[in-house]
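Shown next, in structure tokens, is the structure this report addresses.
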Amino acid sequence: MKKLIFALIATVVFGFVGIAQFDIKSAAPLLAKDKNFITFINNISKIPNETNIKNYKSIIEKQEFNSEDLINLVIAFGFRNLDEAQKFDSQNSPLLKKLMLDHSLKDLNSNELENFVETAIILIPEDQQPLANKNCNDRKTNCVIASVAIYTLEAAGCISAGVGLGGVTFWCGGCLGAAVGSVCVAAASVHYYSMFQDCNFAYEDCVSK
């Protein structure tokens with residue numbers, strides 16, 4: 001009898017695990033066709049400058065911000081000034097909220113999210129891609145865009161999980177709000193740093209061939 005009960009429980013538990021398992025192959029094409037996702041990726045491609053990843057990581061992991069830190073942060077992320085960052089935030093926060101909800105992104109771990117977004121970006125229709133993929137510079141830029149997108153979505157996941165308090169923003173883990181210094185955002189910034197470094201390594205490998 002006990003064996004039968006155990007077998008039934010195992011069937012139910014592992015059955016639900018199987019159902020809940022994330023399937024990138026079927027989900028990525030849906031994300032790639034989502035107009036909000038395409039707009040979001042193209043908006044990232046318009047950030048004026050590349051992230052100064054070392055400066056950005058050191059600032060975002062601070063426990064508290066002052067006004068000078070905030071200005072340095074937005075510049076390190078790639079914006080020219082605070083107004084640009086706030087405009088980007090107001091344009092993209094509604095898109096991020098919709099993407100998080102429609103594709104259950106907050107349920108994914110960092111590796112799943114990275115694979116999901118990278119796969120979806122490749123599947124975006126060619127006429128809606130932010131850049132061609134013709135040379136090493138293009139590939140690096142596309143890699144950086146993917147890294148920014150993944151990090152921003154991870155930060156959005158931190159906030160949607162209740163890390164932020166009050167009027168938080170998404171693009172920098174709530175740096176214009178109250179999520180600064182959280183363990184979740186710090187972990188996301190470490191992942192961002194790692195992805196960014198991978199882009200540089202891939203670029204160096206590409207130009208050396």
Taking C-beta and beyond as the side chain, do [X] and [Y] meet within less than 4.5 Å on heavy atoms?
{"X": "L82", "Y": "Q86", "value": "yes"}
{"X": "I38", "Y": "D34", "value": "no"}
{"X": "N200", "Y": "Q197", "value": "yes"}
{"X": "K35", "Y": "Q128", "value": "no"}
{"X": "T152", "Y": "L96", "value": "yes"}
{"X": "F37", "Y": "L95", "value": "no"}
{"X": "E114", "Y": "H191", "value": "yes"}
{"X": "K106", "Y": "L153", "value": "no"}

- Between D138 and T141, a side-chain donor and acceptor under 3.5 Å: no
- Is there a donor-acceptor contact under 3.5 Å linking the side chains of Y151 and Y56? yes
- Item | Pair T39-N92, side-chain contact (heavy atoms from CB on, under 4.5 Å): steps then yes or no | CA-CA 9 Å; T39 300; N92 290 282; 5.7 Å; no
Return the minimal non-hydrogen interatomic distance between [X] and [Y], and the atom names on each side.
{"X": "D89", "Y": "P94", "result": "O-CD, 4.4 Å"}
{"X": "V144", "Y": "C199", "result": "N-SG, 3.6 Å"}
{"X": "A85", "Y": "V74", "result": "CB-CG1, 3.6 Å"}
{"X": "E204", "Y": "V207", "result": "O-CG2, 3.3 Å"}
{"X": "A120", "Y": "L31", "result": "CB-CD2, 3.6 Å"}
{"X": "P125", "Y": "A32", "result": "CD-O, 3.9 Å"}

- Item | Stepwise side-chain contact (heavy atoms from CB on, under 4.5 Å) test for Y192 and V148 | CA-CA 7 Å; Y192 182 30; V148 174; 3.3 Å; yes
Rounded distance (nearest 0.5 Å) linking atom [atom1] of [X] with atom [atom2] of [Y]:
{"X": "S189", "Y": "K57", "atom1": "OG", "atom2": "NZ", "result": "5.5 Å"}
{"X": "K25", "Y": "T119", "atom1": "NZ", "atom2": "OG1", "result": "10.5 Å"}
{"X": "L73", "Y": "I59", "atom1": "CG", "atom2": "CD1", "result": "5.5 Å"}
{"X": "N43", "Y": "Q91", "atom1": "CG", "atom2": "CD", "result": "5.5 Å"}
{"X": "S45", "Y": "F40", "atom1": "OG", "atom2": "CZ", "result": "11.0 Å"}
{"X": "C143", "Y": "Y203", "atom1": "SG", "atom2": "OH", "result": "13.0 Å"}

- Apply the test side-chain contact (heavy atoms from CB on, under 4.5 Å) to residues E112 and D107: give CA-CA distance (whole Å), side-chain angles for both, the deciding distance (0.1 Å), then the verdict. CA-CA 9 Å; E112 288 172 332; D107 298 329; over 6 Å; no
- Walk me through it: do N49 and R80 pass the test side-chain contact (heavy atoms from CB on, under 4.5 Å)? CA-CA 8 Å; N49 301 308; R80 288 173 291 211; 4.0 Å; yes
- I would like to know whether K209 and D205 meet salt bridge (charged side-chain N to carboxylate O under 4.0 Å, His left out); could you show each step before the answer? CA-CA 7 Å; K209 291 178 180 179; D205 181 60; 3.4 Å; yes
- Do any N or O atoms from the side chain of S58 and from the backbone of N55 form a donor-acceptor pair under 3.5 angstrom?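 Present.
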- Query: Angle class for the F79/F77 ring planes (parallel below 30°, perpendicular above 60°, tilted otherwise)?
  - Reply: parallel
